[in-house]
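Remarks on the structure that follows.
As the structure is a computational prediction, the values presented were derived from the model and not from experiment.
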Amino acid sequence: MVSIDDRMRLLVPTKVTADDKLIEYDMLLLNHFLSVLKDLHGEEMRELVHRCYELSGQYGQAEGCGDPAKLEDLGNLVKSLQPGPAIVIASSLSHMLNLGNLAEEVQIAHRRRVSEKSGGIGDENSALTESDIEETFRRLMKLGKSPQEIFEALKTQTVDLVLTAHPTQSIRRSLLQKHSRIRSCLSELYKDDITPDEKQELEEALHREVQAAFRTDEIRRTPPTPQDEMRAGMSYFHETIWNCLPKFLRRVDTALKAIGINERLPYNVPLIQFSSWMGGDRDGNPRVTPEVTRDVCLLARLMASSLYFSQIEDLMFELSMWRCNEELRARVAQLELRTKEDAKHYKEFWKPIPSNEPFRVILGDIRDRLYRTRERARQILATGKSDVNEEEAFSSVEEILEPLELCYRSLCSTGDKLIADGSLLDFMRQVSCFGLGLVRLDIRQESDRHTDVMDAITTHLGIGSYRSWTEEERQEWLLAELRGKRPLFGADLPKTDEIKDVLETFHVIAELPTDCFGAYIISMATAPSDVLVVELLQRECRVNVPLRVVPLFEKLADLEAAPASLTRLFSIDWYRNRIKGKQEVMIGYSDSGKDAGRFSAAWQLYKCQEELVKVAKQFGVKLTMFHGRGGTVGRGGGPTHLAILSQPRDTIDGSLRVTIQGEVIEQSFGEEHLCFRTLQRFTAATLEHGMHPPTAPKEDWRKLMDEMAAIATEAYRSVVFKDPQFVHYFRMATPELEYGRMNIGSRPSKRKPSGGIESLRAIPWIFAWTQTRFHLPVWLGFGEAFKDVIDGNPQTLKMLQAMYREWPFFRVTVDLVEMVFAKGDPRIAELYDRLLVSPELQDIGKKLRGKYEETRKLLLEVACHSELLEENPTLKQRLRLREPFITTLNVQQAYTLKKMRQIEPDDAPMPRTNANSASAEELVELNTTTEYAPGLEDTIILTMKGIAAGMQNTG
């Protein structure tokens with residue numbers, strides 16, 4: 001029998017490379033895990049895992065030399081498992097894939113460190129997907145940019161990373177924390193100066209953490225609340241982001257010094273900003289209520305004041321100097337005149353500070369007010385009121401920064417600038433970035449909900465139904481009200497629960513400090529009136545500092561109409577005066593991809609951005625694009641560096657907002673080195689895009705893309721929306737129906753309880769196809785588009801190949817789909833069809849698999865590749881390491897779904913209660929009401945989590 005270790009050794013290349021470390025790390029972790037498995041479940045279970053791995057490896061050997069019959073053998077083995085062993089097998093493989101991911105992360109960090117030591121940026125592949133800040137500066141200087149130009153560009157650049165709670169993080173927080181400790185142990189083990197005793201202790205710690213992870217229940221037994229999601233998201237600030245931000249900014253200072261700029265970035269430069277949707281995104285999530293929004297804002301303020309309080313105490317120990325300037329001495333004298341009662345109130349906590357330690361006096365006053373700020377937030381969060389007066393707490397970030405600036409100026413003026421540029425500068429940068437609210441919360445609501453409110457108001461006023469008015473009539477009435485001062489409605493307005501929820505959300509915005517909030521996002525926005533309604537409701541609910549209103553254009557038709565809509569909006573004098581030359585627009589990658597397919601959505605998003613920028617320039621407005629990207633390719637995901645550099649010219653211009661969703665939060669901020677790389681990628685790529693814009697497409701390229709997009713859209717929609725049997729096939733052939741049982745998010749998987757693909761959220765739509773390794777939403781439409789324009793026209797193929805070589809957008813689009821094909825396996829999708837799909841629908845899958853193969857061949861032809869991932873052998877090797885584990889989970893999932901759905905294709909016609917004869921709506925009802933045999937539900941959830949870990953994507 002070929003063991004897991006033996007197979008991994010076979011994958012080690014003949015020539016020793018840095019990737020050998022990945023094999024070494026993988027083998028170490030897996031040996032620990034298999035030892036734990038044997039200790040807890042016996043040698044027989046360990047051998048069973050080995051047998052599954054062996055069969056899967058023989059089935060899927062590289063270069064098409066595998067034995068397809070082994071898949072059947074694996075299926076027979078899986079079918080014979082009792083519920084207990086089935087759960088252990090699924091859990092074991094899931095843990096092994098997670099450990100493999102940890103090994104990969106440590107290996108990547110190791111490669112970066114080796115590269116930095118040698119003064120390089122790694123191999124060619126890493127250069128394509130990484131954005132090293134020092135190398136970016138050097139590259140820009142080679143292109144003719146001066147050091148001062150780079151410095152000035154950085155001072156005006158802003159990247160706002162928006163953490164969202166989309167339900168794609170399938171791993172529980174308890175496990176993520178154990179994974180973090182495993183990662184740390186592994187990193188320490190491979191340090192050059194480790195002693196034998198230290199190595200033994202780390203090996204023991206590693207074994208302990210692997211066992212603790214395996215002993216932890218992987219399954220969430222109840223769905224998280226929005227508050228739970230917010231706490232999980234905010235924990236990254238406490239654990240990595242808080243400390244990493246000043247370290248990253250110091251690295252920028254160091255890189256600037258290397259090119260001749262002997263000046264630090266000002267502490268208040270908004271180079272990196274953080275926002276959140278957790279507790280504010282109510283679009284289709286009934287669990288996000290006004291009370292939830294209030295709670296998460298107060299919780300974030302409590303976290304911020306706690307972080308500041310801890311930091312200020314450390315700073316007080318550091319700044320023990322006695323020498324200061326007269327300005328600071330005068331402030332100390334003022335503070336010493338405070339009443340004795342005030343000092344008495346805090347004497348039980350802190351000793352009086354001697355006046356010969358002036359910096360500590362200033363910092364001590366900040367500490368006292370931070371204590372009161374924290375107490376006020378804690379009390380209001382717990383009881384709704386506080387005995388701490390508002391005046392005694394900080395109400396704005398400027399109140400913290402002003403005394404810190406005073407200390408900084410004093411140190412600089414007395415010859416201690418070196419000290420000033422230490423922890424004090426770091427703390428000023430943290431305060432400037434995070435403010436009193438830690439993150440700014442965006443509010444998102446669907447446009448129809450606002451229309452409902454306005455319709456209730458106009459009906460109550462007796463002036464007609466707002467819903468039935470034309471766009472012109474709506475604008476005319478809204479602008480008349482916005483220009484006037486009279487109240488629009490009173491307490492007697494009849495309110496449904498939905499209307500009450502919308503209005504109370506605006507009241508919460510008015511009630512809480514203005515620095516709690518960022519933007520108000522309107523999803524499904526189609527017209528200027530959608531924006532004007534929110535402006536009017538903010539005024540009516542007495543929001544003193546109105547939130548900026550951001551239309552979100554998602555579906556293909558909305559993206560096409562977006563430039564005209566923005567033109568109409570900017571043509572309104574009142575609105576132009578309101579925005580003061582700045583506007584933000586959000587574009588959605590998920591729903592546009594679900595609506596038209598990846599190819600057409602990508603091209604329409606590209607064109608839409610170009611046109612929106614032209615409109616903004618026409619009206620003298622600075623436009624910020626907000627990119628609603630997901631983690632998967634089907635939802636706009638992909639390497640950050642390439643994604644930014646492939647955007648159209650002039651669309652970023654030093655200002656970028658982008659969502660960081662679900663599992664991508666852990667991948668971006670789970671460890672300090674991951675956080676550092678994330679900040680570096682976004683900063684460097686945004687700078688490079690602005691100072692060295694990407695190649696603009698030629699006119700004949702545009703025409704060809706327009707032609708192919710039309711073909712791709714029709715090909716995609718003819719299957720997904722026009723085939724009356726497709727929805728039924730989709731729900732049979734994938735685990736979409738079982739997705740909701742994972743409890744990985746507070747949001748329902750559908751906007752509406754029933755309905756077809758259009759009502760399904762993009763995450764479960766992508767999730768279902770990712771699980772079966774078919775990835776249909778990503779590639780469907782590509783093949784027809786390529787085939788139609790290439791057939792009989794060799795010149796078109798040459799043009800496509802030139803586009804791939806010379807146009808970053810097109811190359812990234814093709815490369816990402818190629819990567820998805822490398823993760824796919826249509827034979828696995830065929831297994832799901834054979835086991836789960838009724839015979840009369842199996843022809844749909846057969847035709848789709850034919851399209852899959854045709855698309856793959858055409859993609860390689862356009863890219864001039866002889867095989868998938870030809871130019872990325874590192875990724876190719878990583879996928880090969882994971883494949884046997886994933887394949888076993890796929891087979892186990894397919895057979896478990898068959899048991900759950902009671903499908904027996906060989907039997908006589910089944911009663912209507914069985915899945916293979918039920919309608920799409922009956923399948924939903926069947927799935928949500930059925931109680932399964934013991935072990936089946938846990939097994940299916942564990943296979944989902946394991947496949948998600950192996951594919952490194954949930955949705």
I'd like to know if the side chain of [X] and the backbone of [Y] have a donor-acceptor N/O pair within less than 3.5 Å.
| X | Y | value |
| --- | --- | --- |
| Q430 | W242 | yes |
| Q273 | L161 | no |
| R576 | F570 | yes |
| S565 | A561 | no |
| T458 | D455 | yes |
| N243 | T240 | no |
| S395 | E391 | no |
| S432 | M428 | no |
| T164 | T659 | no |
| S305 | L302 | yes |

Where do [X] and [Y] come nearest, in terms of heavy atoms and distance?
| X | Y | answer |
| --- | --- | --- |
| S447 | A525 | OG-N, 4.4 Å |
| P563 | E611 | CG-CB, 3.4 Å |
| Y589 | H627 | OH-ND1, 2.7 Å |
| E498 | R449 | O-NH2, 3.2 Å |
| I660 | I665 | O-CG1, 3.5 Å |

Is R369 close enough and on-axis enough to F394, meaning under 6.0 Å and within 45°, for cation-pi?
yes

Think R474 forms a cation-pi with Y466, using NZ or CZ under 6.0 Å from the six-ring centre and within 45 degrees of its axis?
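Satisfied, under 6.0 Å and within 45°.
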
Point-to-point distance, once rounded to the nearest 0.5 Å, from [atom1] of [X] to [atom2] of [Y]:
| X | Y | atom1 | atom2 | value |
| --- | --- | --- | --- | --- |
| L461 | F489 | CG | CZ | 10.0 Å |
| D295 | R231 | CG | CZ | 8.0 Å |
| L656 | T686 | CG | OG1 | 4.5 Å |
| D530 | H450 | CG | NE2 | 9.0 Å |
| W477 | L536 | CH2 | CG | 6.0 Å |
| Q445 | I522 | CD | CD1 | 10.0 Å |

Taking [X] first and then [Y], would you say they form a salt bridge - that is, a charged N and a carboxylate O separated by under 4.0 Å?
| X | Y | result |
| --- | --- | --- |
| R578 | E535 | yes |
| D497 | K500 | no |
| R486 | E481 | yes |
| R376 | E392 | no |

When the aromatic ring centroids of F274 and F237 are compared, is their separation below 6.0 Å?
yes

Can the ring centroids of F506 and Y520 be said to lie less than 6.0 angstrom from one another?
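Aromatic pair counts; centres sit under 6.0 Å.
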
Atom [atom1] of [X] with >12 non-hydrogen neighbours under 6.0 angstrom:
| X | atom1 | answer |
| --- | --- | --- |
| R467 | CZ | yes |
| E560 | CD | yes |
| H507 | NE2 | yes |
| E473 | CD | yes |

In terms of side-chain heavy atoms, does [X] have a donor or acceptor partner in [Y] at a distance below 3.5 Å?
| X | Y | value |
| --- | --- | --- |
| S655 | T158 | no |
| R301 | T373 | no |
| E666 | Y236 | yes |
| S523 | E446 | no |

Evaluation steps, side chain to side chain contact (heavy atoms under 4.5 Å, CB included), between T451 and V533:
CA-CA 8 Å; T451 301; V533 164; over 6 Å; no

Just so I know, are the side chains of [X] and [Y] near enough to count as touching, which here means a heavy-atom distance under 4.5 Å?
| X | Y | result |
| --- | --- | --- |
| Q475 | L532 | yes |
| V658 | V162 | no |
| P290 | E511 | no |
| V453 | K495 | no |
| Q538 | V534 | yes |
| T514 | I509 | no |
| M278 | L163 | yes |
| Q227 | V292 | yes |

Just jot down the salt bridge (charged side-chain N to carboxylate O under 4.0 Å, His left out) partners of R657, sequence neighbours excluded, or say none.
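R657 satisfies salt bridge (charged side-chain N to carboxylate O under 4.0 Å, His left out) with D160, D442, E584 only.
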
Kindly write out the residues that satisfy salt bridge (charged side-chain N to carboxylate O under 4.0 Å, His left out) with R483, not counting sequence neighbours, or none if the list is empty.
none

How far apart are the C-alpha atoms of Y267 and L404, what are their side-chain angles, what is the distance that settles it, and do they pass the side chain to side chain contact (heavy atoms under 4.5 Å, CB included) test?
CA-CA 11 Å; Y267 79 87; L404 293 175; over 6 Å; no

Apply the test side chain to side chain contact (heavy atoms under 4.5 Å, CB included) to residues T651 and L612: give CA-CA distance (whole Å), side-chain angles for both, the deciding distance (0.1 Å), then the verdict.
CA-CA 9 Å; T651 57; L612 289 174; over 6 Å; no

Apply side chain to side chain contact (heavy atoms under 4.5 Å, CB included) to L488 and I457, showing your working.
CA-CA 8 Å; L488 189 58; I457 292 172; 3.8 Å; yes

Could you go step by step and tell me if E375 and R378 meet the salt bridge (charged side-chain N to carboxylate O under 4.0 Å, His left out) rule?
CA-CA 5 Å; E375 283 301 292; R378 183 186 63 79; 2.7 Å; yes

Identified side-chain contact (heavy atoms from CB on, under 4.5 Å) partner of E291 from the options T289, V288, T293:
T289

Take K555 and D595, measure what salt bridge (charged side-chain N to carboxylate O under 4.0 Å, His left out) needs, and give me the verdict at the end.
CA-CA 6 Å; K555 294 189 175 180; D595 182 41; 5.7 Å; no

